[in-house]
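Taking it in order: structure first as structure tokens, then the write-up.
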Amino acid sequence: MASNGVDEQIKLVEGPAGYVLEDVPHLSDYILDLPTYPNPLQSNAAYSVVRQYFVDEDDTVQEKIVVHKDSPRGTHFRRAGPRQKVYFKPSDVRACIVTCGGLCPGLNTVIREIVCGLHFMYGVTEVIGVDCGFRGFYSKNTVALTPKTVSDIHKRGGTILGTSRGGHDTSKIVDNIQDREINQVYIIGGDGTQKGANAIYKEIRRRGLKVAVAGIPKTIDNDIPVIDKSFGFDTAVEEAQRAINAAHVEATSVENGIGIVKLMGRYSGFIAMYATLASRDVDCCLIPESPFYLEGKGGLYEFIAKRLRENGHMVIVIAEGAGQDLVAESIEQQDASGNKLLKDVGLWMSLKIKEYFAKHNVMDITLKYIDPTYMIRAIPANASDNVYSTLLAQSAVHGAMAGYTGFVSGLVNGRHTYIPFNRITERQNKVVITDRMWARMLSSTNQPSFMNPPKGTTEFTD
Ligand code: ATP
Ligand code: MG
């Protein structure tokens, strides 16, 4: 597709040495064809007052905002937003939306805004919702989505479409997309879902279909790389405060009270870290990225005893994936999507602490364990996540209408962008315990690092 002008346009953004778009050679893979129809938004007087409402096709956003002298400038992504010309004629569009994986605040907002964005911005009227995740493509159960049917769904938690794990059969899904004559597919879900979306996109290209596949990454844990943050994360951190408050009240109401709160975070401890920083009532935050140990000098038991002697109470926040190596007799099990099932580390740790303090006669303690996971996942998005989800959905709609495909819409350095699927599925975003943010968290709890400091340096780098 080099002749469509896309590859030539890329040269415009090539600059000084090292100023490269890593994805450039393949960029034409992400465009269905040249857009030829004028964007219907051009005739809407309301937008004409906005300076530079339309995004130039060559506008890009740099992934790395801080670039050291003489080092490569790194990857750029296409800036999201409406284009002057669109690939799809609105009356020809038949779109579908599917949600997969676990619940996350904001799912319904994204669904609502895709439907309303397509309808009100582009005049697209045919939008269907796929029932209960990827496997819903094989069933005949779909629901027609209109601005009226989705008008107040953002006030509800969960997803009105239902969700599921497992059941991904790329070929059957694409057969179904073809049978139903769908030409825009919006896929909302986490890392597994976006891997599935990538497979669907590749199969669609292999079959030469003119179908745009757009993803909206969902992860309450904030473990998707490249993007600044995922929708629902702020809401989760905010709601986690209620559990931490409850644990604090319980702990301060008795002598030597310990409150333990388990928060989401299978592989990444962002929610635990931010909830701890926000609360200031937390004495110790444990996350998967930071190993810890229980017994002996500098261990967790010693720290608990110290804090109780000093303050008479303490609150521990633990991410669900923390300390999995310590949890005894772990038998490896998987869910329907092939994800490893984790042991309940919060419950396990509560029992271990009680057992240790009783056995060693350290002091009488009262321990309360709170697991607010399902309460947090099920709430509707807060104001900032509603705004964020809306903008992500609108960006996805603009991208698909322009004929882009194989992308997710995501915020990079504060700018909305289109990111190729593979860039967000190739690794996980994790808390880097040598970064300043973890050091800031440590200084708010004043907990030990539970590590022997490496010889020579204890400095944190950013
Ligand atoms: P979360 O883990 O945040 O709840 P997720 O999207 O990662 O969300 P999963 O249950 O892992 O949730 O996956 C959702 C869907 O994606 C499932 O239907 C699963 O079959 C499919 N899927 C997962 N991994 C892949 C993969 N590598 N290739 C194709 N499909 C996949
Ligand atoms: Mg996942």
Side-chain angles (χ1 to χ4, degrees), residues 96-108 110-111 129-139 141 157-159 161-177 185-206 213-227 229-233 235-236 263-271 288 319-321 324 333-342 373-374 376-379 381 385 389 392 406 408-410 420-430:
C96 76
I97 308 175
V98 62
T99 52
C100 312
L103 295 184
C104 174
L107 282 168
N108 279 336
V110 175
I111 297 168
V130 176
D131 227 18
C132 285
F134 282 133
R135 68 167 65 115
F137 276 103
Y138 329 139
S139 72
N141 296 336
T159 157
L161 299 178
T163 183
S164 65
R165 295 194 190 275
H168 187 279
D169 183 330
T170 309
S171 180
K172 272 163 86 177
I173 292 169
V174 178
D175 287 349
N176 205 269
I177 289 169
V185 184
Y186 294 91
I187 300 174
I188 313 166
D191 54 339
T193 305
Q194 300 307 334
K195 282 178 194 154
N198 198 19
I200 293 170
Y201 151 72
K202 284 182 177 161
E203 178 61 14
I204 282 173
R205 275 191 69 77
R206 199 188 63 76
V213 183
I216 295 96
K218 170 234 65 151
T219 153
I220 202 164
D221 297 350
N222 203 32
D223 58 359
I224 287 187
V226 183
I227 58 174
K229 67 171 178 180
S230 47
F231 73 83
F233 176 71
T235 308
L263 294 176
M264 292 85 83
R266 298 169 64 85
Y267 305 104
S268 309
F270 288 102
I271 294 181
E320 63 180 316
Q324 286 291 317
Q333 289 179 310
Q334 292 186 338
D335 68 15
S337 295
N339 301 308
K340 197 169 124 189
L341 283 180
L342 302 180
T373 306
Y374 290 106
I376 294 176
R377 283 168 30 137
I379 59 167
D385 273 326
S389 305
L392 290 174
V408 298
S409 83
F421 281 131
N422 62 307
R423 294 305 309 277
I424 64 148
T425 54
E426 63 198 5
R427 64 184 174 89
Q428 269 177 326
N429 190 28
K430 287 180 184 282

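Atoms within a ligand are numbered from 1 in the order they appear, just like the ligands themselves. In what follows, residues are counted from 1 in the order of the sequence shown.
Considering backbone and side-chain N/O atoms, D335 never comes within less than 3.5 Å of an N/O atom of ligand 1. On a distance-only criterion, G192 and ligand 1 share at least one N/O pair closer than 3.5 Å. Inclusion of S164 in the set of residues having an N or O under 3.5 Å from an N or O of ligand 1 is not warranted. For G102, a nitrogen or oxygen atom sits less than 3.5 Å from a nitrogen or oxygen atom of ligand 1, counting backbone and side chain alike.
No donor-acceptor pair under 3.5 Å is formed between the side chain of T373 and the backbone N or O of M264. Looking at N222, its side chain does come within 3.5 Å of a backbone N or O of S230 through a donor-acceptor pair. Judged by distance alone, the side chain of S409 and the main-chain N or O of L392 form a donor-acceptor pair under 3.5 Å. Side chain of S389 to main chain of L107: no donor-acceptor pair is present (N/O by atom type, distance under 3.5 Å, no hydrogens or angles).
Heavy-atom proximity to G190, at under 4.0 Å, picks out these atoms of ligand 1: 5 (P), 6 (O), 7 (O), 8 (O). Heavy-atom proximity to N339, at under 4.0 Å, picks out these atoms of ligand 1: 9 (P), 10 (O), 11 (O). Near D191, with a cut-off below 4.0 Å to any heavy atom, the atoms of ligand 1 are 2 (O), 5 (P), 6 (O), 7 (O).
Taking the Mg ion (ligand 2) as reference, D191 places its N/O/S atom OD1 nearest.
Within the structure, ligand 1 has G166 among the residues with a heavy atom less than 4.0 angstrom away. Ligand 1 has K218 within reach: a non-hydrogen atom of the residue lies less than 4.0 Å from it.
Put simply, D223 stays out of reach of the Mg ion (ligand 2), with no N, O or S atom under 2.8 Å from it.
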